[in-house]
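Below: one structure, written as structure tokens.
Everything quoted here is computed from the prediction, not taken from an experiment. Lettering of chains follows the sequences in order, A, B, ..., and the numbering in each one begins at 1.
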Protein chains: 2
Amino acid sequence: MEQSKIPQATAKRLPLYYRFLNNLNHQGKARVSSKELSEAVKVDSATIRRDFSYFGALGKKGYGYNVEYLLGFFRKTLDQDEVTEVALIGVGNLGTAFLNYNFTKNNNTKIVMAFDSDPSKSEGNVGGVPIYHIAELEDRIGDVKVAILTIPASEADGITTRLVDCGIEGILNFTPARISVPEHIRVHHIDLAVELQALVYFLKHYPLDEGL
Amino acid sequence: MEQSKIPQATAKRLPLYYRFLNNLNHQGKARVSSKELSEAVKVDSATIRRDFSYFGALGKKGYGYNVEYLLGFFRKTLDQDEVTEVALIGVGNLGTAFLNYNFTKNNNTKIVMAFDSDPSKSEGNVGGVPIYHIAELEDRIGDVKVAILTIPASEADGITTRLVDCGIEGILNFTPARISVPEHIRVHHIDLAVELQALVYFLKHYPLDEGL
DNA sequence: CATAAGTCGTGATTAATTTCACAATAGTAT
DNA sequence: ATACTATTGTGAAATTAATCACGACTTATG
């Protein structure tokens with residue numbers, strides 16, 4: 001918890017850096033410059049250097065960064081060694097997408113259980129993840145602290161309340177509803193319809209160049 | 001294209017405001033204050049007032065905002081009357097989720113066609129949207145200017161090149177790959193794995209309170 | 001060894017966004 | 001009418017993030 005001074009904008013880019021460093025490593029590249037990385041992840045090179053610098057001097061002047069070293073560093077920083085268990089609520093199309101995906105490669109998160117209100121889905125198993133009926137939420141969730149919400153908006157509030165009572169700490173909400181939670185619980189909203197509309201708005205109103 | 005001075009951060013919130021105003025309207029509410037709206041969309045009320053103020057004085061002091069008026073205003077501003085056609089590339093789980101969803105309510109975007117490389121999927125039809133084989137991309141896409149990419153990362157570059165050649169203007173990229181496009185094309189990346197990892201990182205390193 | 005080329009780390013600057021805080025005004029109640 | 005209350009719109013301040021630009025250092029080359 002020491003490095004709480006890292007800007008949120010930087011923190012959000014860390015997983016991205018991590019994945020690309022992993023790619024480079026698999027490709028057998030031993031070193032990389034902020035300029036090269038910049039082209040790969042589409043983030044300004046000065047921003048990358050600044051981001052890295054919050055963690056200390058990780059590179060060498062005139063050389064760049066050693067891929068393996070950097071990777072090892074981020075592995076620790078991003079807690080890649082310790083897997084965070086995640087519960088998925090709602091096994092519709094979107095939920096199924098997550099289950100099949102299940103963040104297989106270089107990832108520190110794992111969906112360990114899923115819930116659905118449809119009895120024909122529960123008792124099943126998708127991508128090796130057991131699916132339970134939503135009624136079993138409280139019994140099954142154990143000490144899982146992170147949930148992905150891929151349910152209809154109308155159910156968001158009810159499920160959220162139950163998750164909060166189960167001691168959940170973070171929710172990734174794909175529901176269009178903006179859910180209310182106690183202050184100490186973190187919610188990230190990803191609103192697919194809004195994202196698409198925003199893209200369309202930018203296309204019409206913000207003439208060429210300038211990525212998001 | 002007149003109001004190019006609207007901050008990007010504001011522009012990204014507009015679709016969200018629009019949807020909640022619609023909800024309020026359906027509920028029969030005639031007026032709303034920035035404070036109420038703030039609670040609903042989880043955006044600071046001063047930010048909401050500031051956002052609205054870029055479009056002029058839309059509210060009344062001591063009263064708030066007239067829901068219907070505001071809604072009418074945003075409908076025009078967000079081009080809600082004119083539907084933007086969208087093509088979906090990749091009818092896997094995630095792609096299917098989009099097709100079934102298809103942004104039915106209060107939306108100015110519509111997926112009008114989908115493509116997949118699996119012949120057993122193409123020639124089909126999901127949620128009323130025709131699915132073509134990816135080989136037909138150039139023949140079928142017509143003047144659709146926006147594409148959603150829900151394909152494996154390995155195919156991202158190839159498909160992107162073809163889309164660019166077809167004259168695409170905006171891409172909503174769900175692929176983990178950071179695609180390269182000419183300057184005048186807008187790409188928004190939504191990286192599900194990164195979002196989840198970022199949430200986990202925040203949980204571990206940023207103690208309670210403060211939503212993203 | 002000396003020179004050239006490349007690249008980091010960061011102070012300083014600029015830009016973007018959020019938040020504070022309050023005067024002005026509209027509505028409401030008596 | 002008058003007083004009271006609610007709420008906007010916005011100047012100013014604060015915060016956060018991105019970018020510039022350059023000194024210092026590393027490696028490569030002849």
With a 3.5 Å cut-off and heavy atoms only, can you find an N or O donor on one side and an acceptor on the other between the side chain of A/Arg50 and the base of C/dG11?
yes

Please confirm whether the shortest side-chain N or O distance from A/Tyr65 to OP1 or OP2 of D/dT26 is below 4.0 Å.
no

Nearest to the B/Arg31 side chain among C/dG27, C/dC8, C/dC20, which nucleotide is it?
C/dG27

Decide yes or no, distance alone: a donor-acceptor N/O pair under 3.5 angstrom between the base of D/dT7 and the side-chain of B/Arg49.
no

Can you tell me how the ring of B/Phe55 sits relative to the ring of B/Phe74, calling it parallel under 30°, perpendicular over 60° and tilted otherwise?
perpendicular

At 4.0 Å (heavy atoms only), tell me whether B/Thr10 reaches a base, stays on the sugar-phosphate, or touches nothing.
nothing

Verify the neighbour count for atom CG of B/Asp165: are there more than 12 heavy atoms of other residues, nucleotides or ligands below 6.0 Å?
yes

A/Pro15 side chain reached by B/Glu195 side chain, heavy atoms, under 4.5 Å
no

Would you call the rings of B/Tyr65 and B/Phe52 parallel, tilted or perpendicular, where under 30° means parallel and over 60° means perpendicular?
perpendicular

Atom CG of A/Leu58 and atom P of C/dC8: how far apart are they, to the nearest Å?
11 Å

How many whole angstroms separate atom OH of B/Tyr54 from atom P of C/dT17?
8 Å

Working for side chain to side chain contact (heavy atoms under 4.5 Å, CB included), residues B/Tyr101 and A/Asn93
CA-CA 9 Å; B/Tyr101 208 69; A/Asn93 286 299; over 6 Å; no

What integer distance in Å separates B/Lys5:NZ from C/dA16:C1'?
16 Å

Do the side-chain N or O atoms of A/Ser34 get closer than 4.0 angstrom to the phosphate oxygens (OP1, OP2) of C/dT7?
no

Closest-nucleotide ordering on DNA chain C, the 5'-leading residue of B/Lys60 and A/Ala57
A/Ala57

D/dT5 P sits how many Å from B/Lys35 NZ, rounded?
15 Å

Nearest heavy atom decides the nucleotide; on that basis, is A/Asp51 or A/Tyr63 closer to the 5' end of DNA chain D?
A/Asp51

B/Tyr18 and A/Tyr201 aromatic centres sub-6.0 Å:
no

Nearest-neighbour nucleotide for the A/Ala46 side chain, C/dT18, D/dC20, C/dC8 considered
D/dC20

Specify the separation, in whole Å, of atom CD of A/Gln8 and atom C1' of C/dT18.
13 Å

OP1 or OP2 of C/dT19 less than 4.0 angstrom from a side-chain nitrogen or oxygen of B/Thr47, does that happen here?
yes

Could you state the NZ-C1' distance from A/Lys61 to D/dA28, rounded to the nearest angstrom?
19 Å

Within the 4.0 Å heavy-atom criterion, would you say B/Ser45 contacts the bases, only the backbone, or no part of the nucleic acid?
nothing

B/Ser33 side-chain N/O to D/dA6 phosphate OP1/OP2 under 4.0 Å:
no

B/Asp44 CG to C/dC20 C1', in whole Å, measures 10 Å

B/Phe52 CZ - D/dT10 C1' separation (whole Å)
16 Å

Closest to side chain of B/Pro7, choosing from C/dC8, D/dT8, C/dT17:
C/dT17

